[in-house]
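These notes are about the structure you will find just below.
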Number of protein chains: 2
Amino acid sequence: MSAKEENTLPMGMFMDLERSGPIPLYFQVSQRIEKAILSGELPAGSRLENEVALGQRLGLSRPTVRRAIQEIVDKGLLVRRRGIGTQVVHGQVTRKVELTSLYDDLTSTHKAPSTHLLTLESQAADAKTAERLGIEEGTPTLHLRRVRLADDVPVAVMENWLPEEFIGIEPEDLVAHGLYQVLRSRGVTMRVARQHIGARKSTNEESALLEIEKNSALLTMDRTAFDNSGRAVEFGQHCYRPDLYSFEVTLVEK
Amino acid sequence: MSAKEENTLPMGMFMDLERSGPIPLYFQVSQRIEKAILSGELPAGSRLENEVALGQRLGLSRPTVRRAIQEIVDKGLLVRRRGIGTQVVHGQVTRKVELTSLYDDLTSTHKAPSTHLLTLESQAADAKTAERLGIEEGTPTLHLRRVRLADDVPVAVMENWLPEEFIGIEPEDLVAHGLYQVLRSRGVTMRVARQHIGARKSTNEESALLEIEKNSALLTMDRTAFDNSGRAVEFGQHCYRPDLYSFEVTLVEK
DNA sequence: GACCTGATATTGTCATGACAATTGGCCAAA
DNA sequence: TTTGGCCAATTGTCATGACAATATCAGGTC
């Protein structure tokens with residue numbers, strides 16, 4: 001398999017496309033191709049079958065195939081070149097490491113997540129919180145602070161401020177389900193998060209909570225998250241043990 | 001201006017679309033709308049004119065307008081909802097902070113970047129470098145290490161390994177132009193970078209190079225970057241002073 | 001007031017069709 | 001051997017057209 005020859009994926013891979021179900025065709029095709037990449041069937045450096053041929057083979061329009069491929073390009077797994085075709089990006093994508101996501105509260109690790117709730121209260125928004133949530137200073141917010149653990153080992157101290165409407169959230173729910181699942185169950189559809197990643201030394205309190213030496217290096221992340229109306233639904237300040245946590249970000253040139 | 005009413009952008013904003021130039025129409029429209037958002041003309045929470053009307057007004061097809069809007073949605077500045085329309089995400093986007101990019105060698109700050117080259121040599125790839133660059137262990141690479149400064153203040157220590165073909169790069173070019181510009185001038189089109197962001201304590205050497213206290217917290221970033229054939233063109237290990245540098249990442253739900 | 005139905009508004013998906021831009025290979029001329 | 005031109009391959013852009021899914025609103029009924 002080389003970059004010169006196209007890889008023609010076996011039809012068996014696409015035989016069961018659900019043509020009238022709820023899942024868009026482009027999404028299904030995209031999933032199949034991505035699976036072939038991750039499994040090694042489409043090896044690094046190899047060339048994918050061209051859009052026109054693939055569309056003909058699958059009985060789909062070229063824009064639909066194009067959209068499917070673009071989804072994978074946007075993930076950084078494929079690159080496209082006019083006149084050449086579409087190639088698989090080199091480098092193994094390890095399944096072990098999850099990409100940083102909108103819902104990154106340590107539920108996606110392969111370890112059992114749990115929560116130790118430190119604080120759950122109403123709090124009047126100070127200037128910074130007000131600015132971040134787009135509300136008036138002094139407006140009530142839900143303030144929560146928790147240690148997040150994986151397999152009973154503390155990984156992060158996470159502090160959040162949520163808009164007033166979430167003030168009724170129960171501590172049991174937070175402990176049982178995690179913040180983002182609770183928000184989801186309240187109908188929140190998160191769409192965008194702006195994250196600011198840095199580092200600093202741990203405070204004494206953090207060192208104790210995270211079971212690390214005093215004045216250790218901490219990985220930090222501040223964020224504001226927005227829902228599908230574009231409203232801010234979360235302001236967070238998190239710090240993580242760098243020996244147990246890191247951010248994985250894939251950047252793709254448009 | 002509220003979410004309920006559509007914002008009809010003045011035609012003047014689109015009067016000078018270059019209809020037969022090299023720049024795609026969707027890109028031009030996208031730029032104009034983005035500019036309106038950043039300038040506040042399209043305020044946070046407001047609703048953009050619908051795709052159909054905008055297409056009619058601009059004399060463009062709906063897919064073209066759609067593509068333009070999608071570009072901005074992908075940047076996290078707009079959110080779309082079926083039946084409702086497209087809204088501007090809340091929260092000021094500060095121009096002061098640049099988003100983490102493929103070419104993040106501190107040239108995008110508002111300070112004068114400069115380089116203090118520590119090492120520029122050929123080096124046989126060890127196991128890790130070989131794996132990251134997709135080459136055989138022992139293959140020659142170009143190894144470089146530099147302190148990167150902004151307004152003569154050291155911000156980062158950046159270490160990189162590049163494939164064999166770049167072994168002729170001259171130190172003067174690196175100092176004058178920075179790594180990524182040099183790569184670009186050699187015809188490298190970078191498309192994808194996989195980055196791993198963490199934190200740790202500084203070594204004694206790093207503390208001296210970065211002019212910080214011993215055992216300070218450092219923000220770290222390891223990365224592999226790939227070109228438009230999907231080949232690895234760079235493996236890097238960088239560390240930054242967290243008081244002077246951080247990563248800004250916007251996550252957008254598909 | 002709560003619930004249901006129907007209409008409208010808007011985005012989401014998909015197809016067909018056409019043309020343009022870039023890349024690489026091949027061949028001919030200098 | 002090198003350079004330039006031509007052609008084929010493939011992605012990139014754009015248009016037209018149609019239908020579906022979701023959200024909101026208005027009106028009617030209980």
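Predicted model only: the values in this text are computed from it and were never measured. Residue numbers begin at 1 in each chain, while the letters A, B, ... track the order of the sequences.
The nearest whole Å value for the distance from the CD1 atom in B:Ile84 to the C1' atom in D:dA21 is 13 Å. One can place CG of A:Asn7 at 13 Å from P of D:dT10, the figure rounded to the nearest angstrom. If you measure from atom CG of B:Leu54 to atom C1' of C:dT10, you get 13 Å, rounded to the nearest angstrom. The CD-P distance, from B:Gln56 to C:dA9, rounds to 13 Å in whole Å. D:dA9 atom C1' lies 8 Å from atom CZ of A:Arg47, rounded to whole Å. If you take CG of B:Asn228 and P of D:dG12, they are 11 Å apart, rounded to a whole angstrom. Counting to the nearest Å, the P atom of C:dA9 and the CD atom of B:Gln87 are 18 Å from each other. Atom P of nucleotide C:dA21 and atom CD of A:Glu51 are separated by 18 Å, given to the nearest angstrom.
Minimum interatomic distance between A:Gly91 and A:Ala44 (heavy atoms only, all atoms of both residues): N-CB, 4.2 Å.
With a 6.0 Å cutoff to the six-membered ring centre and a 45° limit on the axis angle, A:Arg67 counts as a cation-pi contact of A:Tyr26.
Exactly one of A:His238, A:Gln237, A:His143 qualifies for a side chain to side chain donor-acceptor pair (under 3.5 Å) with A:Glu159. That residue is A:His143.
Less than 4.0 Å separates DNA chain C from at least one heavy atom of each of the following residues of residues 14-27 of chain A: A:Pro24, A:Leu25, A:Tyr26. Near DNA chain C, meaning a heavy atom under 4.0 Å from it, residues 59-83 of chain B has B:Arg62, B:Arg66, B:Arg80, B:Arg81, B:Arg82, B:Gly83 in order of number.
No side-chain heavy atom of B:Ile72 sits less than 4.5 Å from a side-chain heavy atom of B:Arg80. With contacts defined as side-chain heavy-atom distances shorter than 4.5 Å, the pair B:Leu162/B:Thr141 does not qualify.
Panel note: side chain B:Gln123, backbone B:Pro140; no donor-acceptor pair is recorded below 3.5 Å.
At the phosphate of D:dT10, neither OP1 nor OP2 sits under 4.0 Å from any side-chain N or O atom of A:Thr86.
In summary, the side chains of A:Asn7 and A:Glu49 do not present any donor paired with an acceptor at a separation below 3.5 Å, with no hydrogens or angles considered. A donor and an acceptor atom, one from each side chain of B:Thr224 and B:Arg194, are nowhere located under 3.5 Å apart. Of the N and O atoms on the side chains of B:Arg81 and A:Ser229, at least one donor lies less than 3.5 Å from an acceptor on the other residue.
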